[in-house]
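Worksheet for the structure shown next.
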Amino acid sequence: MFIRIKNYINYLRAKSRWNWHELTEHDLTYLQIPKDFLWGSGSCEYQHSGAENCSHNNWAEWEEKQIVGKAYTIKQNQKSGISVDHWHRYKDDILLMKNLELNAYRFSLDWGEIEPEEGLYNYEAIQHYIDLCDELKRHGITPMVTLLHFTYPQWFDKKGGFEQEENIVFFIRFCKHMFNILQSRVTLWCTINEPPVMVLMGYILGEFPPGKKNRPLAGIVFKNLLKAHCEVYQALKALPGGPEAQIGIVHSSIHLVSLHWWNIITVGFAFYFNHIKNNAFIKYFKTGKFIWYPHLGKPIRYTNPNAPQCLDFFGLNYYSRIVIGFREIFSKSLIGNCYPGETMTDMPYPIYPEGLYHELMDAAQFNVPIYVTENGIADDRDDRRELFIKRHLYVMSKAIAHGCDVRGYFYWSLTDNFEWVDGFSMCFGLYEVNFQTQQRSLRQGASCYKTIIQNARPSSSDNT
Ligand code: BGC
């Protein structure tokens, strides 16, 4: 009963809009933000360096298989190639961050490049990450490291990846190794990016490797990813530098909402989706209890009373929410709709800044600092980006004013990049990339990000 009421309230909340036209340009660009706030951008090694630079992970193999196999699931048969060659161009990319006056950068380690064979480390790849951290430091940019952003080594995949609980030890070993090397340079650590998305895409929709559609197995992988987070958290905390490190997990809070309140099919579908995508995850970190309902058979249950203590911060990825009508349920990849009067992004969801406010206020219940680890818009025409940035930063400032302890914001992404199954068709970048020349140019709609940062920073006279 309680859940049904909560669902209905969420539905109403999803429809509620703020009166944006009452706000002036000044309201939107002069925000009250704590003075040591981290203003950043985010990336994922595979998305920004591609299979040619990161050839030892499961995604690189998956891309190849898609050609050999019958169905090629990546849009227009694209391949990641060198993507934006961030691996070799990171120094230039750091200058692009400086140009926007960013003081933080979230990036991921490619485990496959670092440990291409079981137990054998590639010290050149490790040096690459040391150099990257040093270069960031030289420019006064705080690094935030993600230990696993969707990709893992092929050898780990062959062993069954996170389908096998006994494989978690390999992930812990890798994390400890990299923590020991980087801990003197890095304080902020994200263990796993979006476990529920890995589960949904890899084991329910079957669009990410390993391309399975198996709900009971999805539940097992989900449980193992949550278990892995806590075990990594505890292992890193026990190492030198562990107590000082801030270690968290990253959750994508995207919710499904029904286009019509009266359609029990779409309401029911949204309920089920939100359970597997959000509620199971949130509940685990609130209560230590995980429960997963496959269609048939017994639910998968797992309890870890320590889970609520395994978070030094909560990483929130927020893009929007997916509105579904009857038709959309049957579309491939959950193609979404929008409510009347809303504007779609290039992704299958609309611009919905109010949702960031609600998600932040909800995340505050964990009583740990929050980082907006991803927020951005795919906008090829660049005619919605400015509005998107201004409104999302505005609602974030309101959440802060209402007591939410938000410590940083990372726009997704600094540059365009390889958007998984959407290939290069989704342009999230503050900087547009010409993939022939690798030239980066600042998008007009992105420059307000710099203005807002400048306005929010205390001037030197405020510090005296
Ligand atoms: C993922 C990114 C992805 C972004 C935009 C996030 O859920 O972490 O890898 O590019 O969404 O779709």
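When a ligand or atom number is given, it counts from 1 through the structure's own listing order. None of these values were measured; they are calculated from a predicted model.
- With a 4.0 Å heavy-atom cut-off, ligand 1 is reached by no atom of N417.
- Under the 30°/60° scheme for interplanar angles, the aromatic rings of W420 and Y46 are found to lie parallel.
- For atom 9 (O) of ligand 1, the nearest protein heavy atom (residue, atom name, distance) is Q47 OE1, 2.7 Å.
- In the candidate list M198, E194, E374, E374 is nearest to atom 2 (C) of ligand 1, counting heavy atoms.
- Using a 3.5 Å distance cut-off with no hydrogens or angles, the side chains of E61 and N57 do not pair a donor with an acceptor.
- Of the charged side-chain nitrogens involved, none lies within less than 4.0 Å of a carboxylate oxygen, so that D131 and K91 do not count as a salt-bridged pair.
- Residue E419 holds the heavy atom nearest to atom 10 (O) of ligand 1 of all those in E419, H149, M201, M347.
- Residues W292 and I220 are not in side-chain contact: their nearest non-hydrogen atoms beyond the backbone lie 4.5 Å or more apart.
- For atom 4 (C) of ligand 1, the closest non-hydrogen atom of the protein is Y319 OH, 3.3 Å.
- Heavy-atom separations between N193 and ligand 1 include at least one value shorter than 4.0 Å.
- N103 places no side-chain N or O within 3.5 Å of a backbone atom of L38 that could act as its donor or acceptor partner.
- Taking the centre of each ring, Y411 and W39 stay at or above the 6.0 Å mark.
- Considering backbone and side-chain N/O of S252, none are found under 3.5 Å from N/O of ligand 1.
- Atoms of ligand 1 found under 4.0 Å from any heavy atom of F428 (numbered from 1 in listed order, with element): 5 (C), 12 (O).
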